[in-house]
Amino acid sequence: MARHNREGQGADQKGYQYTISYQPDWLRFVKVTRDLESGRQSTKTLFRNPLDRREAEPGDRVRTRVVCRDHPLDFEVVLSDPYRVVTRLRVTCRIPRPDGSGEEEIEFTFEDRLPGP
């Protein structure tokens, strides 16, 4: 039987703090990709599940929520995967730049593949 979501935290390349609500037997890590002031693109592991193995089956439906109070960012991904074939999800968000000069794109990658017990 699937277990209730847990909460974790992490910071991105620019120091913004995020809260991640995750299904402990499905999510392995969350990565964040964003543009830096130098014009380069950077990917960083935002959160890594502290478990190295599943304790239970993840269930047919998993939910992951990402909240950043520094940005207007609060979304939840609900995945229905009864055959457990999905291993990675990517979500791209557009948020206003802090200086008001338009929008910036941030991509979140959610990855599965915790080994079994």
Side-chain angles (χ1 to χ4, degrees):
M1 173 178 255
R3 298 183 300 145
H4 294 290
N5 274 24
R6 306 287 188 264
E7 278 201 359
Q9 296 189 356
D12 69 9
Q13 300 89 326
K14 296 183 178 182
Y16 292 109
Q17 296 292 319
Y18 295 80
T19 301
I20 313 295
S21 173
Y22 65 99
Q23 211 286 329
D25 298 305
W26 186 83
L27 186 70
R28 187 169 139 220
F29 60 76
V30 178
K31 290 188 176 187
V32 60
T33 302
R34 65 187 306 167
D35 293 330
L36 302 176
E37 287 79 14
S38 66
R40 292 183 31 243
Q41 192 176 63
S42 171
T43 299
K44 178 181 180 189
T45 300
L46 181 63
F47 170 78
R48 183 175 301 279
N49 189 337
L51 298 177
D52 59 350
R53 300 195 165 286
R54 290 189 317 260
E55 292 181 13
E57 288 299 318
D60 293 348
R61 205 168 84 138
V62 295
R63 293 177 303 118
T64 305
R65 183 176 180 197
V66 176
V67 177
C68 180
R69 304 229 184 270
D70 300 325
H71 292 307
L73 195 132
D74 182 347
F75 69 90
E76 183 175 64
V77 175
V78 180
L79 172 67
S80 178
D81 183 22
Y83 299 108
R84 295 186 185 98
V85 296
V86 175
T87 59
R88 181 179 298 138
L89 294 170
R90 288 192 175 139
V91 175
T92 303
C93 303
R94 291 182 105 30
I95 60 167
R97 292 186 191 277
D99 63 5
S101 66
E103 293 181 321
E104 128 178 61
E105 199 170 87
I106 301 175
E107 182 178 275
F108 296 89
T109 303
F110 303 90
E111 187 142 335
D112 180 15
R113 286 295 173 226
L114 280 177

Go through the steps to decide whether Y16 and L73 satisfy the test side-chain contact (heavy atoms from CB on, under 4.5 Å), and finish with yes or no.
-> CA-CA 11 Å; Y16 292 109; L73 195 132; over 6 Å; no
Is it the case that the side chain of [X] and the backbone of [Y] share a donor-acceptor pair, with hydrogens and angles ignored and the cut-off at 3.5 Å?
{"X": "K44", "Y": "A11", "answer": "yes"}
{"X": "Q13", "Y": "S42", "answer": "yes"}
{"X": "D25", "Y": "E55", "answer": "yes"}

Between [atom1] of [X] and [atom2] of [Y], what distance do you get to the nearest 0.5 Å?
{"X": "Q41", "Y": "L36", "atom1": "CD", "atom2": "CG", "result": "8.5 Å"}
{"X": "I20", "Y": "L46", "atom1": "CD1", "atom2": "CG", "result": "4.5 Å"}
{"X": "D112", "Y": "D81", "atom1": "CG", "atom2": "CG", "result": "8.0 Å"}

Distance-only check: which donor-acceptor pairs under 3.5 Å involve side-chain atoms of residues 27-35, not counting sequence neighbours?
unit_1, atom_1, unit_2, atom_2, d
T33, OG1, T43, OG1, 2.8
R34, NE, E104, OE2, 3.3
R34, NH1, D12, OD2, 2.3
R34, NH2, E104, OE1, 3.0
R34, NH2, E104, OE2, 3.0

Between [Y] and [X], is there a side-chain heavy-atom distance shorter than 4.5 Å?
{"X": "R69", "Y": "D74", "answer": "no"}
{"X": "R84", "Y": "P58", "answer": "yes"}
{"X": "R61", "Y": "Q23", "answer": "no"}
{"X": "I106", "Y": "I95", "answer": "yes"}
{"X": "R53", "Y": "P115", "answer": "yes"}

Mutual orientation of the aromatic rings belonging to F47 and Y22 [parallel < 30°, tilted 30-60°, perpendicular > 60°] | tilted
Do the ring planes of F110 and F75 sit parallel (below 30°), tilted (30 to 60°) or perpendicular (above 60°)?
->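 F110 vs F75 ring planes: perpendicular.
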Report the C-alpha distance between R113 and R88 in whole Å, list the side-chain angles of each, state the deciding distance to 0.1 Å, and finish with yes or no for side-chain contact (heavy atoms from CB on, under 4.5 Å).
-> CA-CA 9 Å; R113 286 295 173 226; R88 181 179 298 138; over 6 Å; no
Same cluster for V77 and Y18 if Ile/Leu/Val/Met/Phe/Trp/Tyr side chains link at under 4.5 Å?
-> yes
Do the side chains of V67 and V91 join up, straight or via other hydrophobic residues, at under 4.5 Å, putting them in one cluster?
-> no
Could you tell me which residues satisfy salt bridge (Lys or Arg N to Asp or Glu O under 4.0 Å) with R90, sequence neighbours excluded, listed by chain and number?
-> E107
In chain order, what residues pass the salt bridge (Lys or Arg N to Asp or Glu O under 4.0 Å) check against R63, with sequence neighbours excluded?
-> E76
Which heavy-atom pair separates [X] from [Y] by the least distance, and what is that distance?
{"X": "T19", "Y": "Q9", "result": "OG1-NE2, 4.0 Å"}
{"X": "N5", "Y": "S21", "result": "ND2-OG, 3.2 Å"}
{"X": "R54", "Y": "G116", "result": "NH2-CA, 3.4 Å"}

Is the CZ atom of R97 crowded by more than 12 outside heavy atoms at less than 6.0 Å?
->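 Correct, the count exceeds 12.
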